2 protein chains.
Amino acid sequence: MSHDAKEKIVTAMIELISEQGFEGLSVRGVASRASVSIGAVQHHFPTKVRMLEAAMTAVASRAAQRFGELETIEDPLTRLQALIDLLIPQDTADPIARVWLNFAVRSTVDTNLRNTYVKLWASMRNQLRLLLAAAGGHKYTDETALELLALLDGLTLSVLAEHQDPDRVRRIANARVEELLRHDS
Amino acid sequence: MSHDAKEKIVTAMIELISEQGFEGLSVRGVASRASVSIGAVQHHFPTKVRMLEAAMTAVASRAAQRFGELETIEDPLTRLQALIDLLIPQDTADPIARVWLNFAVRSTVDTNLRNTYVKLWASMRNQLRLLLAAAGGHKYTDETALELLALLDGLTLSVLAEHQDPDRVRRIANARVEELLRHDS
DNA sequence: GCGTATACAATACGAACGTATTGTGTCGTT
DNA sequence: AACGACACAATACGTTCGTATTGTATACGC
């Protein structure tokens with residue numbers, strides 16, 4: 001089975017990054033976790049940086065898929081709340097959030113990675129802004145979206161790094177959204 | 001000169017972590033940057049994890065010193081704003097912020113480190129809560145401080161990872177503080 | 001049916017890593 | 001003057017790393 005191995009490798013990478021971050025992440029470790037040979041990893045991802053790139057695009061597409069599922073929700077407010085539910089990690093082990101955090105930090109030192117991260121998060125902010133506008137009003141500026149996404153990022157960090165209670169954190173995020181909407185009307 | 005070398009090593013470590021994160025940080029690299037021998041590094045920090053611990057306590061104490069200088073400010077509101085000015089990185093290269101971020105992320109996988117990080121950030125939240133109460137009112141809950149610090153963390157991340165304009169980010173932080181105080185009165 | 005591309009596996013190589021070991025000079029103490 | 005503690009320096013050891021090389025089995029076009 002050909003692309004089975006590729007998927008297994010990507011999955012193993014996400015698991016390992018989520019468990020131990022980028023330090024300690026080795027080609028050998030990925031191969032071992034995926035139960036494939038080192039050669040298999042090298043075949044699909046010729047270098048380590050290509051391997052990491054694949055990991056990020058994988059989590060990005062997985063996240064995008066989840067976000068896409070929200071499109072079916074009609075009411076902008078409940079869709080906004082559902083989006084927040086996705087962005088705030090469900091628990092301390094949430095792989096998507098953990099991998100995201102590692103890539104965000106990595107982008108502070110890696111120019112190539114930063115470019116994609118900047119675009120990704122800019123579009124995320126745009127999403128938030130549109131949803132805010134649709135949900136409550138029309139006077140939302142870019143600043144509002146920047147504040148909200150930064151709040152969500154910081155709350156996410158507090159869950160992952162400090163083990164803050166996810167439910168409590170979620171309530172805070174939702175409270176801020178309601179406050180933003182109330183102010184506008 | 002004996003403790004000259006120790007200081008040079010710590011300074012070199014902070015520089016290197018700030019520049020390239022934990023990956024790529026090696027004993028040899030630190031020794032080279034500090035212009036001392038590998039043996040010197042080993043003498044003062046027998047293992048690498050002890051070396052990293054020293055780096056974190058160093059930035060913590062440097063940050064604490066800066067925060068201590070704020071004590072002289074009488075007015076709680078201006079002191080709060082000054083604290084925010086310290087927490088939001090001045091620019092993309094701000095070493096304290098960058099090292100902090102690396103340690104925060106590291107604490108998502110390192111239990112020992114997390115314990116100290118949790119305590120550090122809990123006391124930071126307490127500071128914020130007290131300042132908020134002194135500046136504007138008395139009905140501030142722990143939730144308020146949690147939201148504000150998360151916002152500051154997220155904004156910091158946006159500066160470091162996305163290269164958001166520090167001034168703009170600072171304005172957002174200050175705007176939120178004013179809003180919080182206005183609401184209470 | 002035969003060459004070619006694909007999808008791996010196995011192994012090997014050189015570099016970089018953390019750390020152990022040992023040597024050397026400079027002290028303050030006795 | 002002798003000596004032990006300290007602050008390094010130099011080097012060596014074993015491991016792990018990314019990657020290059022080579023081999024092999026399977027699928028497929030012609």
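Below, chains carry the letters A, B, ... as their sequence lines are ordered, and counting in each starts from 1. Fair warning: this is a prediction, and the values are worked out from it, not measured in the lab. Computed from heavy atoms alone, side chains included, the values below leave out hydrogens, waters and symmetry copies.
Taking only side-chain atoms of B:Val36, from C-beta outward, the nucleotide of D:dA9, D:dG18, C:dT19 with the closest atom is D:dA9. Checking D:dC8, C:dA9, C:dC17 against every side-chain atom of A:Ser37, the shortest atom distance belongs to C:dA9. Taking every side-chain heavy atom of B:Arg28 into account, C:dT19 is the closest of C:dA9, C:dT19, D:dT19. You'll find that the side chain of A:Gln42 is closest to D:dT19, out of D:dT19, C:dC8, D:dC8. Which of C:dT11, D:dC8, D:dC17 sits closest to the side chain of A:Ser26 comes down to D:dC17.
Backbone-only engagement by B:Leu25 is indicated by non-hydrogen atom pairs under 4.0 Å involving sugar-phosphate atoms exclusively.
Between the NZ atom of B:Lys48 and the P atom of D:dT15 there is a distance of 19 Å, rounded to whole Å. Separating the CD1 atom of A:Ile38 from the P atom of D:dC17 is a distance of 10 Å, rounded to the nearest angstrom. Residue B:Glu23 contributes atom CD, which lies 15 Å from atom C1' of C:dA16 at whole-angstrom precision. Atom NE2 of B:His43 is separated from atom P of D:dA5 by 14 Å (rounded to the nearest Å). Atom NZ of B:Lys6 and atom P of D:dC6 are 13 Å apart (whole Å). For B:Phe45 and C:dA20, the CZ to P distance is 16 Å, given to the nearest whole Å. The nearest whole Å value for the distance from the CE atom in B:Met51 to the C1' atom in C:dG18 is 10 Å. One can place CD1 of B:Ile9 at 10 Å from C1' of D:dA7, the figure rounded to the nearest angstrom.
Between A:Gly39 and A:Val27, the residue anchored closer to the 5' end of DNA chain D is A:Val27, taking for each the nucleotide with the nearest heavy atom.
Under the 4.0 Å criterion applied to side-chain N and carboxylate O atoms, A:Arg125 and B:Glu162 are assigned as salt-bridge partners.
Taking only side-chain nitrogens and oxygens, B:His44 comes nearer than 4.0 Å to OP1 or OP2 of D:dC8.
The 12-atom threshold is not exceeded at CD of A:Glu74, counting heavy atoms of other residues, nucleotides or ligands nearer than 6.0 Å.
Separating the CG atom in B:Leu128 from the CD1 atom in B:Ile84 is a distance of 7.5 Å, to the nearest 0.5 Å. The CG atom of B:Asp110 sits 8.5 Å away from atom OG1 of B:Thr116, with the distance rounded to the nearest 0.5 Å.
Under the 6.0 Å cut-off for aromatic ring centres, A:Phe22 and A:Phe103 qualify, their centroids lying closer than that.
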